[in-house]
J.: 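Before we start, here is the structure in question, set down as structure tokens.
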There are 2 protein chains.
Amino acid sequence: MSNAEEADGPRPRGRRPTMKDVAELCGVSIKTVSRVVNGQGGTSQETAARILQTIDELGFRPNRLASDLRHIGASSMIGIVIEDVSNPFYGSMIRAIEQRARERGMMVLSVSSEEDPQREHELVRELIARQVAGLIIVTASSDNSYLAEDIRRGLSVVFADRPSSGVQCDEVVLDDVRASREAVEHLLRHGHRRIGVVADADHVYTAHTRVQGYREALEAHGIALDPALVRQGSHTSEDATEATHALLDLPEPPTALFTTNNRSTAGALRAIHGRDAQVALVGFDDFEFADLLNPPVTVVWHDPAALGQLAADLLFARLENSHEPPRRIVIPSRLLVRGSALPRLAPNPPAAGA
Amino acid sequence: MSNAEEADGPRPRGRRPTMKDVAELCGVSIKTVSRVVNGQGGTSQETAARILQTIDELGFRPNRLASDLRHIGASSMIGIVIEDVSNPFYGSMIRAIEQRARERGMMVLSVSSEEDPQREHELVRELIARQVAGLIIVTASSDNSYLAEDIRRGLSVVFADRPSSGVQCDEVVLDDVRASREAVEHLLRHGHRRIGVVADADHVYTAHTRVQGYREALEAHGIALDPALVRQGSHTSEDATEATHALLDLPEPPTALFTTNNRSTAGALRAIHGRDAQVALVGFDDFEFADLLNPPVTVVWHDPAALGQLAADLLFARLENSHEPPRRIVIPSRLLVRGSALPRLAPNPPAAGA
DNA sequence: TTGAAAGCGCTAACAC
DNA sequence: GTGTTAGCGCTTTCAA
């Protein structure tokens, strides 16, 4: 038998030491090492001390993958599917989830769906392949039944920000319709009658629902909806800038805008700024610097960290007791009035050839 | 023998089906299933088709943890340690890394160190325990020798944004000193002589280095450094607001500020806004809305996505060829002049009792 | 083209 | 207190 490795001194170069190595060097069984490593007790002071010493000398690191492999379907990782990690909104959410996870010794695999249902599906597959104990999803899909099979097999899934469809799961959402209605009513109260909307694609739940709130507000005030004022399909902030320009270029441009998420708001503000147009605006999602802009931007405020935290709480509760009926939590949101809804001069249509 | 499970029909409720289940149902060996699952070829059309069919019927999902367990020290995950996921700066970085990782079928475990060296150390341990194939670290520590042992054993580590110390690793950094010097020189050129600094704690590399740039700029212009003007230790944007107020409350307040990261900038702007003070400002790190503020904020621009992307490139190169000497990449940065460095009225000391 | 057997590093059940 | 045995689900020789 070739024992080249054994003879390599206390600090082998290549292979990482395993419990077996520690056990052999200590002249104990691997199980005893396991007990010490996991602080399970049931070992004598002496043995424990000797093992700990050897662990230190050897630079032994436990292999969590191997241990996770034993606890089937319940690794020490949870998966998060969001739209885009670089969006601070989701960043705050992930941060909150990460904190909750850490309290339980778990780590977070987060992935960006890019608002693409197909991609979301693939990412979920890969997360499941890595045996995540549970999943928190901001779904980009209008049909989550692709999860049904795994859920039936015991996978815990929590939907955040947007509800599930086609499966029964815990969820944390906002009252998007009510919040949007309030936002638009705020503009109406300030005398605006032509209110433009800049929103993401209609198949995105939040975009659809928030436009729905806009519709309801107009209807409640007996104002006919002008389809030309509703620009859906702006995904990036650049898209939103373009959409806003288009709105302001209308023969009868809006005097106010309702923007349905932080990117739409950013894009619209940039467009307004670029043409020095005087347009009122209320945006969905608060953002840093909203209060420092001129005028300060009135927004539908809500707390993405709370969204993440509650989603994590639901998930961990579900992991401990999988037989409760699904819960739905609606987190608070409210209009944060800062001044940007004030009536302003309608922008002039751009002078031809100027 | 109790065979309750076997008799549960083609879609068992509890346990997830494994390769073994597929193999048994197909009457082939587990290895053949493995070959088909991994697209290795070497199986007949017929067998493959039958296996695929069974996989589908059973809802079999490969267990990546188990497969990763075999490829020792090279799982399909990489770890990222940053300061805080919710900071958009790191969000962009992570996003870029995630994209690169995905191209290679890898996923990202990202964790927040909260700028705490102790915590960073623990998080790295836990990432290693989960057998990450490699690590990208924005280190909060001034001594990374805790990694030496693992690196010697073959762990690939790339340092991003801040260099390593105590270990030899690939790194992607900025020329912080030069960039900061330019920023401060820009302020000097606009006639400012009393320039305040709002920075994170001195033990944070970027804070230290950027203050160093400030010092060098003053020195080059023969201006004595007034220690009262240098406020280090602001971690959150709230801290920075407080520090800025303190600076502006000085008997001889600064006429300009240099803020050394995006949170310092945000905090300082809020303080300035709050007291309607007229203070020039140049900030390190670009941020959304910098161009929409009044005045638009001049910043040291650089690309956090590029930082992430290059760090990922270095890491994957290292994973493929671990014997190259460590590389150091300096990514570009430049002053993005927007107007906020213009000389302004020195703020009045606050009237007592007003 | 296929399979048997060994084992990745660890844990659980049950001895002693 | 401690060890033995049998696996978690998969891959990897090596043989057929």
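Reminder, nothing fancy here: chain letters follow the sequence lines and each chain counts from 1. Values in this document were obtained by computation on a predicted structure and should not be read as measured data.
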J.: Closest nucleotide of DNA chain C for B:Leu69 versus for B:Thr43: which of these residues is on the 5' side?
T.: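 Closer to the 5' end of DNA chain C: B:Thr43.
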
J.: If you fit an axis to the five pairs at each end of the helix from C:dT1-D:dA16 to C:dC16-D:dG1, how big is the angle between those two axes, to 10 degrees?
T.: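 If I round to tens, the end axes sit 30° apart.
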
J.: Does the distance from a Lys or Arg side-chain N to an Asp or Glu carboxylate O, for A:Arg100 and A:Asp313, drop under 4.0 Å?
T.: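 Salt bridge: yes.
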
J.: Using side-chain contact (heavy atoms from CB on, under 4.5 Å), reason through B:Arg130 and B:Ser75 one step at a time and then give a plain yes or no.
T.: CA-CA 8 Å; B:Arg130 283 171 182 81; B:Ser75 78; over 6 Å; no

J.: With sequence neighbours excluded, what pairs up with B:Phe159 under the ring-ring contact (aromatic ring centres under 6.0 Å, His included) test?
T.: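 Not a single residue meets the ring-ring contact (aromatic ring centres under 6.0 Å, His included) criterion with B:Phe159.
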
J.: Test of understanding: with side-chain contact (heavy atoms from CB on, under 4.5 Å), list the residues that count as partners of A:Ala49, not counting sequence neighbours.
T.: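 So A:Ala49 forms no side-chain contact (heavy atoms from CB on, under 4.5 Å) with any residue.
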
J.: Is a salt bridge present between A:Glu98 and A:Arg102, judged by a nitrogen-to-oxygen distance below 4.0 Å?
T.: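 The answer is no: the pair does not qualify as a salt bridge.
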
J.: State the CG-CG distance between B:Leu315 and B:Leu310, to the nearest 0.5 angstrom.
T.: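 Taking CG in B:Leu315 and CG in B:Leu310, the distance rounds to 12.5 Å.
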
J.: Does the protein touch nucleotides 10-16 of chain C at the base, only the backbone, or not at all? Give it as B, S and - per nucleotide, heavy atoms under 4.0 Å.
T.: BBBB---

J.: Does A:Ser76 offer a backbone N or O that forms a donor-acceptor pair with the side chain of A:Asp68 under 3.5 Å?
T.: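 Here the side-chain-to-backbone pair exists.
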
J.: Does this structure show an ion pair linking A:Arg95 with B:Glu114, if we count only N-O contacts that are shorter than 4.0 Å?
T.: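 Looking at B:Glu114 together with A:Arg95, the answer is yes, because their closest N to O distance falls below 4.0 Å.
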
J.: Could you tell me the boundaries of the chain A footprint on DNA chain D, defined by atoms under 4.0 Å from its heavy atoms?
T.: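 The contacted stretch runs from D:dG1 to D:dG9.
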
J.: Among residues two or more places apart or on two chains, list those pairs meeting ring-ring contact (aromatic ring centres under 6.0 Å, His included) that have a residue in residues 91-125 of chain A.
T.: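 Every ring-ring contact (aromatic ring centres under 6.0 Å, His included) pair that includes a residue of residues 91-125 of chain A, provided the two are not neighbours, is A:His121-A:Tyr146.
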
J.: Please round to the nearest 0.5 Å and tell me the distance separating atom CG of B:Leu25 and atom OG1 of B:Thr54.
T.: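 Going from CG on B:Leu25 over to OG1 on B:Thr54, the span is 6.0 Å.
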
